[in-house]
Visitor: 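Have a look at this one before I ask anything.
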Amino acid sequence: MRKQIAAANWKMNCTLQQAKELIDGLINENIRISPDQEVILAVPFPYLMLAKEKLKNINGFKVAAQNCYSQTSGAFTGEVSAVMLQSIGVDYVIIGHSERREIFGEQNKMLSEKVNICFGHGIKPIYCCGEPLQIRENETQNEFVSAQIKEGLFHLNSSQLENFVIAYEPIWAIGTGKTATADQAQEMQAHIRNVLAEKYGNEVAETISILYGGSVKAGNAKGIFGKPDVDGGLVGGASLNLAEFSAIIKSLK
Ligand code: PGA
């Protein structure tokens with residue numbers, strides 16, 4: 001069975017002290033994580049080693065960076081490479097979050113290179129996709145998201161795509177309090193799985209965890225995660241609150 005995942009995306013939030021409290025708080029909650037489940041904490045770069053250290057003996061918890069650069073090393077002031085992340089044992093990297101796409105102008109082509117560099121260094125990408133409001137209003141979201149999947153991922157081979165993680169995050173639902181309905185999430189995520197199945201076959205597509213992101217909260221997580229093609233969530237705002245995020249983890253299938 002593919003993994004059910006609760007991934008916290010802290011974005012650019014938390015001081016060191018707050019980061020410690022949040023991680024310790026989660027550890028102390030002692031939530032039972034089954035072998036088909038995973039909790040991923042995508043923390044800011046300065047706290048990656050802290051998170052790795054604190055979580056090293058905690059079953060089911062993994063650590064993610066929120067971005068990396070598309071080159072391994074060199075004169076790229078301010079960037080962080082997959083080699084560095086590998087050297088401190090980071091498990092995952094979020095690639096192509098809509099904030100990276102919209103604010104920093106990252107495009108599918110560059111994101112496909114980032115995906116490659118992660119694979120080259122033993123780090124699993126969490127590849128994000130999702131449409132802006134305008135596209136949803138024009139009802140062309142399926143084509144838009146298909147293009148993000150094809151241009152970002154279709155150069156990979158089937159064994160790379162096995163157990164891959166994708167996050168569908170409609171931009172109009174991120175940080176807005178406006179969640180997609182569970183049915184809207186299911187509809188798009190089934191579409192994404194179909195697009196993958198057409199290229200890689202059903203068997204591979206069925207192993208891919210597709211997370212929903214966009215205003216997931218304790219109150220709506222169970223309904224959204226209950227849908228057959230929703231394998232958990234990528235959670236921003238609510239992941240900064242211990243009680244909220246703990247309840248979200250407990251809402252996983
Ligand atoms: P949100 O963010 O849960 O605050 O809407 C989700 C995300 O951007 O990953």
Side-chain angles (χ1 to χ4, degrees), residues 3-14 18-19 22 26 38-45 47-48 51 62-68 90-106 111 114-115 118 124-133 135-136 141 144-145 148-149 152 164-182 184-186 188-189 192 209-227 230-252:
K3 280 223 158 42
Q4 304 298 306
I5 298 173
N9 178 10
W10 288 9
K11 309 192 180 185
M12 197 177 72
N13 292 297
C14 289
Q18 289 166 334
L22 201 42
L26 277 172
E38 209 157 76
V39 178
I40 302 174
L41 301 188
V43 305
F45 290 126
Y47 314 139
L48 284 169
K62 303 282 181 199
V63 174
Q66 298 172 11
N67 181 32
C68 72
V90 165
D91 307 288
Y92 287 93
V93 184
I94 298 177
I95 298 290
H97 188 278
S98 63
E99 286 148 20
R100 301 293 321 168
R101 292 175 183 268
E102 300 245 300
I103 304 170
F104 301 98
E106 296 190 3
L111 297 173
K114 291 190 176 195
V115 167
C118 290
K124 290 183 77 173
I126 299 172
Y127 183 76
C128 299
C129 58
E131 79 286 357
L133 184 60
I135 296 283
R136 169 75 49 177
Q141 67 270 18
F144 185 90
V145 171
Q148 290 179 321
I149 298 289
F164 195 81
V165 183
I166 290 175
Y168 167 61
E169 301 201 305
I171 297 174
W172 46 272
I174 294 178
T176 56
K178 200 171 162 188
T179 326
T181 63
Q184 282 173 319
Q186 166 58 26
M188 175 60 85
Q189 301 195 191
I192 293 171
S209 299
I210 307 179
L211 318 185
Y212 167 79
S215 299
V216 173
K217 304 207 163 24
N220 60 24
K222 229 185 166 86
I224 299 172
F225 298 173
K227 294 289 173 183
V230 182
D231 306 310
L234 180 56
V235 186
S239 75
L240 298 166
N241 178 297
L242 179 60
E244 280 278 318
F245 191 59
S246 302
I248 291 169
I249 299 171
K250 291 177 194 156
S251 306
L252 288 174

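Just so you know, residue 1 is the first one in the sequence shown, and it goes up from there. Ligands are counted one by one from 1 in listed order, and the atoms in each one are counted from 1 as well. Every value quoted in this text rests on a predicted model; they were computed, and no experiment measured them.
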Visitor: Which ligand 1 atoms are under 4.0 Å away from a heavy-atom of Leu234?
Guide: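 It comes down to these atoms of ligand 1: 6 (C), 9 (O).
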Visitor: What atoms of ligand 1 come within less than 4.0 Å of a heavy atom belonging to Ala173?
Guide: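 Ligand 1 atoms under the 4.0 Å threshold to Ala173: 5 (O).
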Visitor: Could you say whether the N/O atoms of Gly236 and ligand 1 ever approach to under 3.5 Å?
Guide: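 By distance alone, the answer is yes.
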Visitor: Consider ligand 1: state whether an atom of it lies below 4.0 angstrom from any non-hydrogen atom of Ala238.
Guide: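 The answer is no, since Ala238 has no heavy atom less than 4.0 Å from ligand 1.
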Visitor: Which of the atoms in ligand 1, numbered in the order shown and given with their element, are less than 4.0 Å from a heavy-atom of His97?
Guide: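 The list of qualifying atoms is 7 (C), 8 (O), 9 (O).
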Visitor: Looking only at heavy atoms, is any part of Asn9 under 4.0 Å from ligand 1, and if so is it the side chain, the backbone, or both, or is it neither?
Guide: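 Side chain only.
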Visitor: Measure across Ser239 and Ala8 and return the closest heavy-atom pair with its distance rounded to 0.1 Å.
Guide: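 For Ser239 versus Ala8, the nearest heavy atoms are CB-CB, 3.4 Å.
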Visitor: Nearest 0.5 angstrom please: Ile135 CD1 to Trp172 CH2, how far?
Guide: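 CH2 of Trp172 is found 13.5 Å from CD1 of Ile135.
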Visitor: Before signing off on this row, confirm whether Gly237 and ligand 1 have an N or O atom pair separated by under 3.5 Å.
Guide: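 Yes, Gly237 has an N/O under 3.5 Å of an N/O on ligand 1.
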Visitor: Does any part of the side chain of Lys227, heavy atoms only, come nearer than 4.5 Å to the side chain of Gln189, both counted from C-beta?
Guide: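 In short, these two side chains do not touch, never coming nearer than 4.5 Å.
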Visitor: Quick test: of every protein heavy atom, which one is nearest to atom 2 (O) of ligand 1, and how far off is it to 0.1 Å?
Guide: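 Result for atom 2 (O) of ligand 1: Lys11 NZ, 3.3 Å.
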Visitor: Distance from Ser251 atom OG to Lys217 atom NZ, nearest 0.5 Å?
Guide: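 Between atom OG of Ser251 and atom NZ of Lys217 there are 13.0 Å.
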Visitor: Taking atom CD1 of Ile40 and atom CD1 of Ile5, what is their separation to the nearest 0.5 Å?
Guide: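 The distance works out to 4.5 Å.
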Visitor: Give the atoms of ligand 1, by number and element, whose distance to some non-hydrogen atom of Glu169 is under 4.0 Å.
Guide: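 Atoms satisfying the 4.0 Å criterion: 6 (C), 7 (C), 8 (O), 9 (O).
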Visitor: Show me which atoms of ligand 1 lie under 4.0 Å from any heavy atom of Gly214.
Guide: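 Counting from 1, the qualifying ligand atoms are 5 (O).
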Visitor: Before giving the answer on side-chain contact (heavy atoms from CB on, under 4.5 Å), spell out for Thr176 and Ser215 the whole-Å C-alpha distance, their side-chain angles and the decisive distance to 0.1 Å.
Guide: CA-CA 7 Å; Thr176 56; Ser215 299; 4.1 Å; yes
Visitor: If I compare all heavy atoms of Ser209 with all of Asp231, which pair ends up nearest, and what's the gap?
Guide: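 So the two residues come closest at CA-OD2, 3.4 Å.
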